[in-house]
Number of protein chains: 2
Amino acid sequence: MTDDLRRRLAGRGYRLTPQRELVLRAVESLGHATPDEVLAEVRQHSSAVNVSTVYRNLEVLEELGLVRHAHLSDRAPTYHSVTDHEHFHLVCRSCRGVVSVGAEAASVLTGRLADEHGFTADIGHLTVFGTCAECAREENP
Amino acid sequence: MTDDLRRRLAGRGYRLTPQRELVLRAVESLGHATPDEVLAEVRQHSSAVNVSTVYRNLEVLEELGLVRHAHLSDRAPTYHSVTDHEHFHLVCRSCRGVVSVGAEAASVLTGRLADEHGFTADIGHLTVFGTCAECAREENP
DNA sequence: CTGACTGCAAAGTGTTTGCACGCAC
DNA sequence: GTGCGTGCAAACACTTTGCAGTCAG
């Protein structure tokens, strides 16, 4: 599997470095993580890795389609691996909770945007903000 | 109409200042604008207004429901007035173009999220990234 | 008069860049 | 050996904050 990664990188003229691999493994094991969180995880395994290396590698890995990012807060973006099926995110403004929803749920919308606007939506990057059931209940009891 | 604004502000213990009004008018006249662009527009009318005043007022105006913001790029948020009907945005990654789409277009999605997840979606904040018709044509001629 | 609001400057957060060295291939 | 990748430090873009003075109500 490491060889597979090496091949994918080589295909675009990139090399496989320990840092690169650590960043990818960190994203895979964390689920949804900001660059900062990825750095922290990477440093558990190798303490001398630099922030800029994390940013640069997230960029490369995203270009290769191995990770993706979405904006789950007004602050930092969060990265996740692409091994799982395509999904988008619901974020509750009240409790900050995040739920992943399969891309199928948005198919009517994407179809409509394609028909009416010729627009090809990138659902994997989509984040829908709002209020989750639990928080709605608390606010209007 | 200025009096109406004054009343809305007073209702929450806020005051009407020239800066406040200029920020609101700037957002209304610009359509979609980042805080920086709002500042530039405000300064056309009064050169001594400060950045932090713009940020603080955008926050107040948003709390009052007079303006809204969405994230149309990975960088700064963009503000728009709420006078027009509720809409969300399509952003083309290629040409950076922005199209506003009426909230109705997403009604099937919001309905589904409500039914299946009890989630109340805030469509006005939604941004869908993807590729517009024109750019898709250029990439696959 | 009172405290909400402002301008200013400084600090904060998240991200990017230039450079010299080092390592993958 | 070649040049991609790294660490480091400094720069960058955007936003927030503390403070003292000011002005709206």
Side-chain angles (χ1 to χ4, degrees), chain A residues 2-24 26-27 32-43 45-64 66-67 69-79, chain B residues 2-24 26-27 32-40 42-43 45-64 66-67 69-79 96:
Chain A
T2 293
D3 278 351
D4 183 50
L5 176 56
R6 189 193 314 278
R7 252 174 272 123
R8 294 188 69 155
L9 285 163
R12 302 244 201 154
Y14 292 122
R15 296 173 183 174
L16 178 58
T17 65
Q19 291 91 332
R20 197 101 90 193
E21 192 169 357
L22 284 168
V23 169
L24 178 56
V27 171
H32 295 116
T34 61
D36 242 38
E37 291 163 345
V38 172
L39 177 62
E41 173 68 17
V42 166
R43 282 192 170 155
H45 301 90
S46 175
S47 56
V49 178
N50 196 271
V51 212
S52 44
T53 299
V54 170
Y55 278 100
R56 289 191 273 231
N57 280 323
L58 286 173
E59 197 181 328
V60 168
L61 295 172
E62 184 153 35
E63 185 192 330
L64 284 183
L66 296 171
V67 306
H69 83 274
H71 300 272
L72 304 188
S73 83
D74 281 2
R75 292 209 163 274
T78 64
Y79 286 81
Chain B
T2 294
D3 278 351
D4 184 50
L5 175 57
R6 191 195 312 279
R7 254 174 270 124
R8 295 188 69 155
L9 286 163
R12 302 244 202 155
Y14 293 123
R15 295 175 183 171
L16 178 58
T17 65
Q19 290 90 333
R20 196 101 90 196
E21 192 169 357
L22 284 169
V23 168
L24 178 58
V27 171
H32 294 115
T34 61
D36 242 38
E37 291 163 345
V38 171
L39 177 62
V42 166
R43 283 193 170 154
H45 300 89
S46 174
S47 56
V49 178
N50 195 270
V51 212
S52 45
T53 298
V54 169
Y55 278 101
R56 289 191 274 232
N57 280 322
L58 286 172
E59 198 182 326
V60 168
L61 294 173
E62 184 153 35
E63 185 193 330
L64 284 183
L66 296 172
V67 305
H69 83 273
H71 300 272
L72 304 188
S73 84
D74 282 2
R75 293 211 165 271
T78 64
Y79 287 80
R96 301 272 100 200

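Convention: sequence-line order gives letters A, B, ...; per-chain numbering from 1.
We find that CG of D3(B) is positioned 13 Å from C1' of dG25(D), with the value rounded to whole Å. Atom-to-atom, CD of E21(A) to P of dC25(C) comes out at 11 Å; the value is rounded to the nearest Å.
Distances were taken from every side-chain heavy atom of S52(B) (C-beta onward) to each of dT6(D), dT16(D), dA24(D); the shortest belongs to dT16(D). Between dT16(D), dT6(D), dA24(D), one nucleotide has an atom nearer to the side chain of T17(A) than all others, and that is dT6(D). Comparing dT16(D), dG14(C), dA9(D) against the side chain of Y55(B) picks out dT16(D) as the nearest. Residue R75(A) has its side chain nearest to dT13(C) when only dG7(C), dG7(D), dT13(C) are considered. Among dT6(C), dC25(C), dC14(D), the nucleotide with an atom closest to any side-chain atom of N57(B) is dT6(C). Side-chain proximity of A76(B) to dC14(D), dC8(C), dA24(C): nearest is dC14(D). Of the candidates dT6(C), dG7(C), dT15(D), the closest approach to any side-chain atom of N50(B) belongs to dG7(C).
Atom CD of E59(B) is surrounded by 12 or fewer heavy atoms from other residues, nucleotides or ligands within 6.0 Å.
One can find a donor-acceptor pair under 3.5 Å joining the base of dC4(D) and the side-chain atoms of R15(A).
Side-chain contact check for D36(B) and T34(B): no donor-acceptor pair (N or O, by modelled atom type) lies under 3.5 Å. For the residue pair S46(A)/Q19(A), the side-chain donor-acceptor check at 3.5 Å is not satisfied.
Distance CG/L16(B) to CZ/R8(B): 13.0 Å, rounded to 0.5 Å.
Annotation: of the two residues near DNA chain D, G13(A) and R56(B), the 5′-most nearest-nucleotide partner is G13(A). Of the two residues contacting DNA chain D, namely P35(B) and L16(B), the nearest-nucleotide position lying further toward the 5' end is that of P35(B).
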